[in-house]
Amino acid sequence: MSENHRTASTASEAPGTEHDSGTQGVSITLEGITKRYDSGKPPAVDGLNMEIPAGSIVMFCGPSGCGKTTTLKMINRLIEPSSGRVLIDGEDVTDLDADRLRRRLGYVIQAGGLFPHMTVAKNIGLVPRMLGWDASRIRARVDELLELVSLDPATYRDRFPRELSGGQQQRVGVARALAADPPVLLMDEPFGAVDPITRQRLQDELIAIHSELKKTIVCVTHDFDEAVKLGDWIVIFREGGILAQYDSPERILAQPANSFVEDFMGAGAGLKQLSLSRLDDVELTEPVRVRAGAPAAEAVETMRAAGEDYVVVVDDQDRPVDWLIASQLERLETLPTQVNEDLPVVYNRASLNDALDSMLVTTTSSAIVVGKRRQMLGLVTVDTIMDVISGLNGRAHDTAAEAPLGQNEPEEFEIPEDDGRTGRNTDEAIAAKQREDSTADTGDAGDDTAAGDPAGGAIADDTAGNTTGDTAAGEPDDRPAGAHRADGDRP
Ligand SMILES: Nc1ncnc2c1ncn2[C@@H]1O[C@H](COP(=O)(O)OP(=O)(O)OP(=O)(O)O)[C@@H](O)[C@H]1O
């Protein structure tokens with residue numbers, strides 16, 4: 001289980017107070033926020049109510065065009081809500097002037113969003129300069145932040161963004177967002193533009209930074225696995241900023257609230273649960289260990305005495321060399337000393353998913369777990385992994401009581417009079433209207449582009465696909481707010 005998940009239960013209680021390593025996170029409350037870009041169309045976000053607990057990481061997930069970025073940008077007022085309020089630590093953001101807003105909300109976008117003509121130090125010092133800090137204070141802060149994001153200040157301070165790799169630019173972007181020590185960090189697809197290995201490293205660093213600073217982090221992602229890895233809580237939106245589920249990763253994986261969430265997660269949700277647990281966290285099985293080069297007959301005796309039918313051969317430093325079943329042992333004079341490269345070996349920091357992968361590749365029902373210097377710690381078996389899945393299902397139940405509140409109260413939506421239907425704002429009416437709008441969008445992608453949406457037709461196409469599929473399936477019970485309210489064990 002990742003560090004952030006271990007701290008999830010305390011994160012929601014984190015006070016919004018100062019401590020030694022900086023300002024801790026504060027809560028964010030969305031009160032019925034709606035964004036309507038175009039008066040003739042359904043809102044991009046509709047009557048969204050949501051609590052984001054202080055000090056937690058909340059991941060916004062959902063298909064393209066469902067309103068994730070719009071919701072995020074309404075928090076820092078890059079987009080003004082058409083109606084509703086956003087409260088940061090209980091204070092309405094519309095009452096905050098630009099300086100106070102900058103101090104409270106750091107913002108990270110893809111590829112860091114750095115100014116190409118400014119050095120790293122200038123980029124990071126941008127907000128402190130606007131806030132009138134003196135030069136020596138800014139310089140000290142820049143160096144402190146570069147250390148925090150694992151970049152050597154002397155090497156990187158005076159470089160320009162073009163002289164950095166994608167991952168380094170992203171780190172500088174995070175440092176810049178943290179410059180004025182805001183209690184809240186908003187991130188929009190922060191790791192979208194880097195390769196998978198750098199992405200994994202940056203995710204691990206974000207978890208480390210979060211466990212040190214305890215900021216409130218709201219992060220938009222396309223990648224559900226990233227949401228599971230980073231999130232204390234995950235929000236899955238459907239079109240129109242409608243909340244399909246707001247819950248812990250464990251619970252979303254074990255108990256998706258509706259078929260939309262199930263479809264969004266795709267196949268293998270059970271397996272994704274395994275990426276929540278590390279081998280470190282599970283009890284390993286101790287096999288019969290025998291020394292490389294020893295007489296095979298002795299090994300058979302030791303194996304029989306232990307009531308087992310296989311042994312693991314280790315070298316004099318306890319590193320695995322081979323494993324042998326009884327019939328193989330009986331054919332040998334002495335035990336092998338040559339390392340069998342095909343052994344399913346996994347490190348103890350790996351996830352259970354990694355362990356299962358290694359078992360599948362070698363078609364064995366267990367894997368050898370090693371720690372520092374490749375010393376064998378024990379075996380993990382398929383049975384252990386199955387037990388963990390059942391345990392996660394139980395824990396998913398436990399997190400239900402802590403889940404933050406979230407639901408939509410869609411605003412009254414007038415069906416145009418000449419449309420031949422009557423009635424307002426029923427699920428069916430909205431669904432029918434959306435279906436119609438989506439069909440119109442698909443046929444006229446140029447309209448969206450003209451409205452200022454840079455992704456234009458691509459978004460319209462996706463959206464049309466989803467809406468038509470969902471509503472045609474006729475799942476009135478699938479409305480997210482209803483699904484939440486119907487869930488008796490939630491607050
Ligand atoms: N400036 C704009 N003018 C008009 N419509 C917009 C504008 N910005 C976004 N939209 C529309 O609002 C809806 C939500 O867009 P938003 O960017 O919030 O979605 P998203 O979930 O972040 O999508 P993606 O994952 O593709 O970035 C989409 O239908 C989009 O076309």
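Note that ligands are numbered from 1 as they come in the structure, with each ligand's atoms numbered from 1 the same way. Scope of the values below: all heavy atoms of this structure, side chains included, with no hydrogens, waters or symmetry mates.
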Using a 4.0 Å cutoff against the non-hydrogen atoms of H222, which atoms of ligand 1 qualify?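 Counting atoms of ligand 1 from 1, those under 4.0 Å from H222 are 25 (O).
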T70 neighbourhood, listing ligand 1 atoms whose heavy-atom distance to it stays under 4.0 Å: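 Selected atoms, number and element: 14 (C), 15 (O), 16 (P), 18 (O).
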Sequence neighbours left out, what passes side-chain hydrogen bond (donor to acceptor under 3.5 Å, both in side chains) with T70? Give chain and number order.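 side-chain hydrogen bond (donor to acceptor under 3.5 Å, both in side chains) check on T70 returns Y37.
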E226 and T221: side chain donor to acceptor below 3.5 Å: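 Judged by distance alone, the side chains do pair up.
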Taking distance alone, with no angle check, do G65 and ligand 1 share an N/O pair under 3.5 Å?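 Such a contact does occur with ligand 1.
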Under the side-chain hydrogen bond (donor to acceptor under 3.5 Å, both in side chains) test, which residues partner E144, sequence neighbours left out?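 If we apply the side-chain hydrogen bond (donor to acceptor under 3.5 Å, both in side chains) test to E144, skipping adjacent residues, the hits are R141.
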Option with minimal heavy-atom separation from atom 9 (C) of ligand 1, where the choices are F60, Y37, F237: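 Residue with the shortest heavy-atom distance to the ligand atom: Y37.
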Using heavy-atom distances, let me know which of G241, C66, S64 sits nearest atom 26 (O) of ligand 1.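 Looking at heavy atoms only, S64 sits closest to atom 26 (O) of ligand 1.
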Which is closest to atom 22 (O) of ligand 1 in terms of heavy atoms, T69, D38, V220?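 Looking at heavy atoms only, the winner is T69.
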E80 with K35: basic N within carboxylate O range, under 4.0 Å: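 Between K35 and E80 there is no salt bridge, as every charged N stays at least 4.0 Å from the carboxylate O atoms.
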Is it the case that the side chains of K229 and Q203 hold a donor-acceptor pair, with the cut-off being a distance below 3.5 Å and no angle test?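 Indeed, the side chains of Q203 and K229 share at least one donor-acceptor pair under 3.5 Å.
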Answer yes or no: is there an ion pair linking R199 with D223, defined by an N-O contact shorter than 4.0 Å?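 Looking at R199 and D223, the cut-off is met.
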Contact between ligand 1 and G62 is defined here as a heavy atom of the residue under 4.0 Å from a ligand atom; is it met?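 Heavy atoms of G62 never come under 4.0 Å of ligand 1.
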